[in-house]
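Every number for a ligand or one of its atoms is a count from 1 in the order of the listing.
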Amino acid sequence: MQSDSRPDLRSVFVIGTDTGVGKSLVSAALLRGAVQAGLRAVGMKPVAAGIDPQPDGSLACGDVLTLQAAGNVAADPALVNPFCLPDPLSPHLAAQRAGRRITLAPIVAAHRALCAQADRVIVEGAGGFLVPLDEGDGDPAPGAPLLTGADLAQALGVPLVLVVGLRLGCLNHALLTAEAVRARGLTLAGWVANRIDPAMACADENLDFLRRHIPAPLLADVPHASRWPEGWQPSLFLS
Ligand SMILES: Nc1ncnc2c1ncn2[C@@H]1O[C@H](COP(=O)(O)OP(=O)(O)OP(=O)(O)O)[C@@H](O)[C@H]1O
Ligand SMILES: C[C@H](N)[C@H](N)CCCCCC(=O)O
Ligand SMILES: [Mg+2]
C-alpha cells in the first residue's frame with residue numbers, strides 16, 4: 001500500500017539518456033513484473049520511428065512487439081502505438097517523411113483508454129527526453145515552438161523512470177535529463193542503471209556518482225547480458 005506522498009505508479013513513462021540505452025528492455029521488465037504479480041499490464045509506445053524486419057520476414061516495429069509480448073492485455077494496436085513511422089529517424093523527421101504531424105491529443109486519449117483497460121500502463125518514450133516530435137509550421141527562427149518528448153511527458157502527467165545506459169558520456173546525459181525533468185516540474189520516480197557497455201572503464205564509480213547526484217532512487221542495476229537469461233528480470237517496483 002502506497003502512502004499518499006508517494007507517486008501514483010499505475011502508469012509510468014520510461015525515458016532514457018539517449019536512444020538505444022535499454023528503454024524497451026526496462027519497459028518489458030516492468031510489464032513482466034506486473035504480470036507476474038497478477039496485474040493486467042499493457043505497454044504503450046506513443047511514437048515509434050523505425051520499422052524492423054522480423055525473423056519471419058514481416059516488417060513491424062520491434063519495440064511495439066516487445067511491449068505486446070511482455071504485457072497481458074490485448075489492446076488495440078492503434079492505442080498501443082498511435083504514431084508508427086517507417087523511418088528510423090528523429091520522430092519529427094520520420095513524421096515529415098510519412099506526411100504526418102505528431103500531436104499530443106491522440107496520444108493522451110489513447111493513454112486514457114489503456115488506463116481504463118489495465119492496472120499498469122508502461123509508456124516507452126522515443127530517444128532521449130527532449131527528442132523532437134514536431135517542429136511547428138517550419139518557422140526557422142531560433143526558439144520557435146518545438147514539440148518534444150518532454151511536452152508529451154507533461155501531457156501524460158505520469159511519473160518518469162529514467163534509464164541510464166552506462167557508457168562514457170552518460171553522466172552528462174543523466175544530469176541534463178534530471179535537470180530538464182525538474183525544470184518541467186515532473187516527478188522522477190526512479191532510475192535504472194543499465195550496463196550496456198561491458199567494457200566501460202570505472203563503471204561502478206560512474207554508477208556511484210549517479211546514485212549521489214540523480215535525485216531519485218536507483219531501482220535496478222541491470223547487468224550486461226549478451227544473451228538474456230530466460231525469465232530474468234530486475235526486481236522493479238510496480239507489482
Ligand atoms: N543490459 C544489456 N545488456 C546487453 N544488451 C543490452 C542491454 N540493454 C539493452 N541491450 C541491447 O541494446 C539495444 C538497445 O536496447 P533497447 O532497444 O532496449 O534501447 P531503447 O532505449 O529502447 O532504444 P530506442 O530509443 O530505439 O527505443 C538492444 O539491442 C538491446 O538488446
Ligand atoms: C530511430 C530510433 N530507434 C529512435 N527511436 C529515435 C531516436 C531519435 C533521436 C533523435 C536525436 O536525439 O537526435
Ligand atoms: Mg525502445
Side-chain angles (χ1 to χ4, degrees), residues 12-32 43-55 59-71 80-98 100 102 107 122-135 146-153 160-167 169-170 172-174 176-177 180 191-200 203-204 206-207 218-236:
V12 295
F13 188 40
V14 178
I15 60 171
T17 41
D18 202 352
T19 186
V21 295
K23 295 184 301 294
S24 295
L25 180 109
V26 169
S27 300
L30 288 168
L31 286 164
R32 284 196 297 269
M44 179 183 191
K45 178 89 181 179
V47 178
I51 305 263
D52 315 305
Q54 300 304 309
L59 292 171
C61 173
D63 283 7
V64 174
L65 295 179
T66 298
L67 298 178
Q68 285 171 329
V80 170
N81 178 215
F83 291 93
C84 178
L85 307 165
D87 293 319
L89 297 168
S90 177
H92 78 292
L93 293 175
Q96 262 175 32
R97 285 220 191 170
R100 297 184 68 181
I102 298 174
I107 299 176
I122 309 302
V123 185
E124 182 192 340
F129 187 54
L130 287 180
V131 66
L133 300 180
D134 186 89
E135 220 184 337
L146 175 67
L147 188 72
T148 71
D151 298 311
L152 173 54
L160 308 175
V161 170
L162 171 63
V163 180
V164 178
L166 285 187
R167 64 183 171 209
C170 73
N172 172 53
H173 287 154
L176 283 172
T177 306
W191 67 284
V192 173
N194 187 21
R195 296 182 186 250
I196 51 175
D197 177 4
M200 185 186 189
D204 290 342
N206 278 263
L207 194 152
L218 174 64
L219 303 173
D221 174 0
V222 181
H224 186 86
S226 51
R227 199 164 170 281
W228 212 252
E230 190 65 31
W232 186 87
Q233 63 172 84
S235 58
L236 294 175

Heavy atoms only: give me the nearest Leu162-Thr17 pair and the separation to one decimal.
-> CD1-N, 3.9 Å
Atom pair CG/CG of Asp63 and Leu25 - distance to nearest 0.5 Å | 11.0 Å
For atom 23 (O) of ligand 1, the option (of Ser24, Gly20, Gly16, Ser27) bearing the nearest heavy atom | Gly20
Of Ile122, Leu152, Val161, the one forming a side-chain contact (heavy atoms from CB on, under 4.5 Å) with Phe13 is Leu152
State if Gly50 counts as touching ligand 2 under the rule of any non-hydrogen atom under 4.0 Å.
-> no
Side-chain touch Pro132/Leu146, heavy atoms, less than 4.5 angstrom = yes
Are the side chains of Phe129 and Thr148 in touch, meaning some heavy atoms are under 4.5 Å apart?
-> no
To the Mg ion (ligand 3), the closest N, O or S atom belonging to Asp63 is OD2
Point-to-point distance, once rounded to the nearest 0.5 Å, from NZ of Lys23 to CD of Glu124 = 5.5 Å
Would you call Pro223 a ligand 1 contact, heavy-atom distance under 4.0 Å?
-> yes
For Leu25, counting its heavy atoms only, list the atoms of ligand 1 lying under 4.0 Å from any of them.
-> 8 (N), 18 (O)
Hey, does Gly22 come in under 3.5 Å of ligand 1, counting only N/O atoms on both sides?
-> yes
Close-contact set for ligand 1 against Gly127 heavy atoms, below 4.0 Å = 25 (O)
With rounding to the nearest 0.5 Å, note down the distance linking NE2 in His224 to CG in Leu166.
-> 12.0 Å
Which bit of Val26 is near ligand 1, meaning a heavy atom under 4.0 Å away: side chain, backbone, both or neither?
-> neither
Using a strict 4.0 Å cut-off to heavy atoms of Leu89, name the atoms of ligand 2 that fall inside it.
-> 1 (C), 6 (C)
Can you list the ligand 1 atoms lying under 4.0 Å from a non-hydrogen atom of Glu124?
-> 22 (O), 27 (O)
Contact between Asp18 and ligand 2, counting heavy atoms under 4.0 Å?
-> no
Enumerate the atoms of ligand 1 whose separation from the nearest heavy atom of Asn194 is less than 4.0 angstrom.
-> 1 (N), 2 (C), 7 (C), 8 (N), 9 (C)
Under 2.8 Å: N/O/S of Ser27 next to the Mg ion (ligand 3) = no
In short, Met44 meets Ile107 closest at the heavy-atom pair CE-O, 3.6 Å
Here the atoms of ligand 1 under 4.0 Å from any heavy atom belonging to Thr19 are 24 (P), 25 (O), 26 (O)
Could you list which atoms of ligand 1 come closer than 4.0 Å to a heavy atom of Lys45?
-> 27 (O)
Verify the neighbour count for atom CZ of Arg100: are there more than 12 heavy atoms of other residues, nucleotides or ligands below 6.0 Å?
-> yes
From SG (Cys84) to CD1 (Ile51), nearest 0.5 Å | 3.5 Å
Side chains of Arg195 and Val222: does their closest heavy-atom pair fall under 4.5 Å?
-> no
Step-by-step side-chain contact (heavy atoms from CB on, under 4.5 Å) determination, Ile102 to His92 = CA-CA 7 Å; Ile102 298 174; His92 78 292; over 6 Å; no
Evaluate the 4.0 Å heavy atom contact test for atom 8 (C) of ligand 2: does a protein atom fall under the cut-off?
-> yes
Purely on distance, is any nitrogen or oxygen of Val222 under 3.5 Å from one on ligand 1?
-> no
Under 4.0 Å from any heavy atom of Thr19, which atoms of ligand 2 are there?
-> 2 (C), 3 (N), 4 (C), 7 (C)
Looking at Glu124, which of its N, O or S atoms is the nearest one to the Mg ion (ligand 3)?
-> OE2
